[in-house]
Colleague: 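Starting off with a structure, shown below.
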Amino acid sequence: MHDKQISPIAAAAGNGAGAGDTTPSLRRCIALLRSHTSLPHLRQTHAHALRTGIPLFHPLLAKHLIFSLISLPSPPLSYAELLFSLLPNPNIFTLNTMIRGYAESPHPFPALLLHRRMHAASLPPDSHTYPFLLKACARLLDLRHGESVHSLSVKNAHTSSVFVQNSLLHFYGACGLFESAHQVFEEMPVRNVVTWNSVINGFALNGRPNEALTLFQQVLDEENEVKPDGFTMVSLLTACAELGALALGRRVHLYIIKSGLYQNSHIGNALIDLYSKSGVAVDACKVFDEMPDRTVVSWTSLIVGLAVNGFGKEALKFFEEMEIGKLKPTEITLVGVLYACSHCGLVDQGFRYFNQMKDEYGIVPRIEHYGCMVDLLGRAGLVNKAHDFILNMPLEPNAVIWRTLLGACAMHKRVGLGEVAWSRLIKLDPGHSGDYVLLSNLYAGGSRWAEVQKLRRSMIKGGVKKTPGHSLLELGNKVYDFVMGDRSNPETDSIYEKLEEIAKRLRKEGYVARTMNVLADIQEEEKETALCYHSERLAIAFGLMKSAPGAAIRIVKNLRVCEDCHLAIKLISKVYEREIVVRDRSRFHHFRDGICTCKDYW
DNA sequence: CTAGGGTTAG
């Protein structure tokens, strides 16, 4: 049987390839296959064929196997089920290997199908199966399936394996259930470094860096063999970056240097990201310069980091340097490059990069790249061109694309086109509160109050809730969270007094609140108050109260800064002689002496 | 055959 390698697909196509070398045993198998009408019989025949030396996917055999399979009363339709059916003796080893393959592949879903098939075939998983299954569940964020795997492992008494426990930790962390993760953690008798990393990462991913850092302290304190490694550091840095917790991040950086982990390129990349996301591009560059092994990710992180901080030109310079170094950019690098162009108004240059993506770098533009181009045109005020660009895209425009256009319309007060984008958005992503806010601002900018009211009513009717804005401020070792109207901070009264004082000083500078963007469900005189209490104002007031004179104030906000706050913060930076850095949903604003690095273009 | 890490348009 010295067959040339012929793909199973060719075999399934049934063109008779390889038919010339039929042997008696193969002919017998095929005859058997045709006479059987149940899965076990098919498997037996397949096993018999393999025993006589016929390859697993011999074209003729595969063709008849598949034919017999799809002729069964209830044919297995998914690829995983087909494979499962084809296995002559599906034992737990082969199955685990297959589940692992799927769990690590770009499409992990068949791993779960195989699990169902195992269950149906009464083949119980062993202690090796759960980590693979949980990995697939974590990657698919399939909470229900993961929980059922958990209870199954309990039922089968397989939870004593530290591998299973660590996988459970990772799964719960990835799905955002850090309470469940923590519970598993608490019940573990033996913990290794992976255990600690999984639970730390679980907190870090869920915006709880304080808990992550407390656990880190615990690992250091506990008199055991567990030593934090590179994975631990990346988790901690990611947590700090997420919240812009610069001081905490710097402490982790010190530990990294002390423990000799600084040569790890993953850590270097995480540090670049931390400093970029904390608004200190200089330090990001410094880390980059000192890195012994720079990968594409390092370059990409720096390019994106510089771009969001308003250093578009510098970002592009690094990209050119990367090209000279013959390092091949990834699609994410190009997102960064286009992003840099759009935030600096470099329309022509952006188009040059976009047009040569495929020929020059071998990267086929994805929807993200098209999104950047819509943003590039829209920001520059070429709103009609942006619309034409969308209509001529080879990809189906998604909600983000239309949202970008709506944002550009709101920025440039183009009601008609904004309504076109809106009509797509309510079909593609109904109930997205940010879209209501954008359209409302667009109407309000044109003083179309009747439409604003109408929109407001449909928002209430549809149960669409505005995402509450909140701002984070790091002071000392703590990250404070401010929400509009929230009075849970024990110093609320003095914060509001401070706001009064700020308002007085700003008015002396000639500041008049721009109330038009406030959703019009409140009275005119209340609008100004509402603006004053936007979460970033509370955070800034608190920062002014609590930090040393002249110290920079860093804020991270979950939404975009409104026009009014942007103006007010510019003035605050001048009047109080403070550098104020605000990380927005979309970029950085560095306020100093009454101006912002975004040049009012954001 | 078993577990964990970095960059992604608004």
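Every chain is numbered from 1, with letters handed out A, B, ... down the list of sequences.
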Colleague: Classify the nucleic acid contact of A/Thr295 as base, sugar-phosphate or nothing, counting any heavy atom under 4.0 Å across all strands shown.
Modeller: base
Colleague: Distance alone, cut at 3.5 Å: any donor-acceptor contact between the side chains of A/Asn166 and A/Thr195?
Modeller: yes
Colleague: Heavy atoms only: give me the nearest A/Val226-A/Arg191 pair and the separation to one decimal.
Modeller: CG2-O, 3.6 Å
Colleague: Taking CG from A/Asn441 and C1' from B/dG10, how many angstroms apart are they, rounded to a whole number?
Modeller: 15 Å
Colleague: Across the strands shown, which category fits A/Phe93 at heavy-atom distances under 4.0 angstrom: base, sugar-phosphate, nothing?
Modeller: base
Colleague: Taking only the side-chain heavy atoms of A/Asp273 (C-beta and beyond), determine which of B/dT7, B/dG5, B/dA9 contains the nearest atom.
Modeller: B/dT7
Colleague: Answer with base, sugar-phosphate or nothing: what part of the nucleic acid does A/Ile367 contact at a heavy-atom distance below 4.0 Å?
Modeller: base
Colleague: From the list B/dA9, B/dA3, B/dT7, which nucleotide is the closest neighbour of the side chain of A/Ile332?
Modeller: B/dT7
Colleague: Quick one: A/Leu133 CG to B/dA3 P, roughly how many Å, whole number?
Modeller: 12 Å
Colleague: Below 4.0 angstrom from OP1 or OP2 of B/dG10, is there any side-chain N or O of A/Arg379?
Modeller: yes
Colleague: Kindly confirm whether the side-chain ring of A/Phe231 is stacked on the base of B/dG5, judged by centres under 5.5 Å and planes under 30°.
Modeller: yes
Colleague: Starting from P on B/dG10, measure out to CZ on A/Arg587 and report it in whole angstrom.
Modeller: 10 Å
Colleague: Would you indicate which nucleotide in B/dG5, B/dA9, B/dA3 comes nearest to any side-chain atom of A/Phe132?
Modeller: B/dA3
Colleague: Under 4.0 Å, counting only non-hydrogen atoms across every strand here, what does A/Gly407 touch: a base, just sugar-phosphate, or nothing?
Modeller: nothing
Colleague: Any ion pair linking A/Lys135 and A/Glu104 (charged N to carboxylate O, less than 4.0 Å)?
Modeller: yes
Colleague: Would you indicate what A/Arg585 reaches in the nucleic acid, counting non-hydrogen atoms under 4.0 angstrom: base, sugar-phosphate, or nothing?
Modeller: nothing
Colleague: Please report, rounded to the nearest Å, how far the C1' atom of B/dG10 is from the CH2 atom of A/Trp422.
Modeller: 15 Å
Colleague: From CG of A/Leu271 over to P of B/dG5, roughly how many Å is that when rounded to an integer?
Modeller: 18 Å
Colleague: Start with the C-alpha distance between A/Lys277 and A/Glu242, add both sets of side-chain angles, then the distance that settles salt bridge (Lys or Arg N to Asp or Glu O under 4.0 Å), and finish with yes or no.
Modeller: CA-CA 7 Å; A/Lys277 288 211 170 101; A/Glu242 163 94 22; over 6 Å; no
Colleague: Check for a donor-acceptor pair, side chain of A/His343 on one end and backbone N or O of A/Gly312 on the other, with a separation under 3.5 Å.
Modeller: no
Colleague: What residues from residues 95-118 of chain A pass a heavy-atom cutoff of under 4.0 Å to DNA chain B?
Modeller: A/Asn96, A/Arg100
Colleague: Among the nucleotides B/dG5, B/dT7, B/dC1, which one has an atom lying closest to any side-chain atom of A/His128?
Modeller: B/dC1
Colleague: Out of B/dA9, B/dT7, B/dT2, which nucleotide sits closest to the side chain of A/Phe163?
Modeller: B/dT2
Colleague: Looking only at the side chain of A/Val304 (C-beta and beyond, no hydrogens), which of the listed nucleotides B/dG5, B/dT8, B/dG10 gets closest?
Modeller: B/dT8
Colleague: For B/dT2, does OP1 or OP2 lie under 4.0 Å from any side-chain N or O of A/His170?
Modeller: no
Colleague: Could you state the atom-to-atom distance from CG of A/Leu405 to P of B/dG10 in whole Å?
Modeller: 13 Å
Colleague: At 4.0 Å (heavy atoms only), tell me whether A/Ser301 reaches a base, stays on the sugar-phosphate, or touches nothing.
Modeller: sugar-phosphate
Colleague: As an exercise, state the distance from CZ of A/Arg587 to OH of A/Tyr339, rounded to the nearest 0.5 Å.
Modeller: 7.0 Å
Colleague: Describe the nucleic acid contact of A/His266 in one word from base, sugar-phosphate, nothing, applying a heavy-atom distance below 4.0 Å.
Modeller: base
Colleague: Main chain of A/Tyr275, side chain of A/Asp283: is a donor-acceptor contact present, judged purely on distance under 3.5 Å?
Modeller: no
Colleague: So what does A/Ser127 touch, heavy atoms closer than 4.0 Å: a base, only the sugar-phosphate, or nothing?
Modeller: base
Colleague: Would you mind reading off the distance between A/Trp299 atom CH2 and B/dT7 atom C1', rounded to a whole angstrom?
Modeller: 15 Å
Colleague: Between A/Phe318 and A/Phe288, what is the ring plane arrangement, given parallel below 30°, perpendicular above 60°, and tilted in between?
Modeller: perpendicular
Colleague: Answer with yes or no whether the side chains of A/Tyr361 and A/Gln356 bring together a donor and an acceptor at under 3.5 Å.
Modeller: yes
Colleague: State which of B/dC1, B/dT7, B/dA9 makes the closest approach to the side chain of A/Thr300.
Modeller: B/dT7
Colleague: Classify A/Asn398 by what it touches in the nucleic acid, base, sugar-phosphate, or nothing, heavy-atom distance under 4.0 Å.
Modeller: base
Colleague: Please work out if A/Ser235 contacts a base, only the sugar-phosphate, or nothing of the nucleic acid, heavy-atom cut-off 4.0 Å.
Modeller: nothing
Colleague: B/dA3 P sits how many Å from A/Leu168 CG, rounded?
Modeller: 13 Å
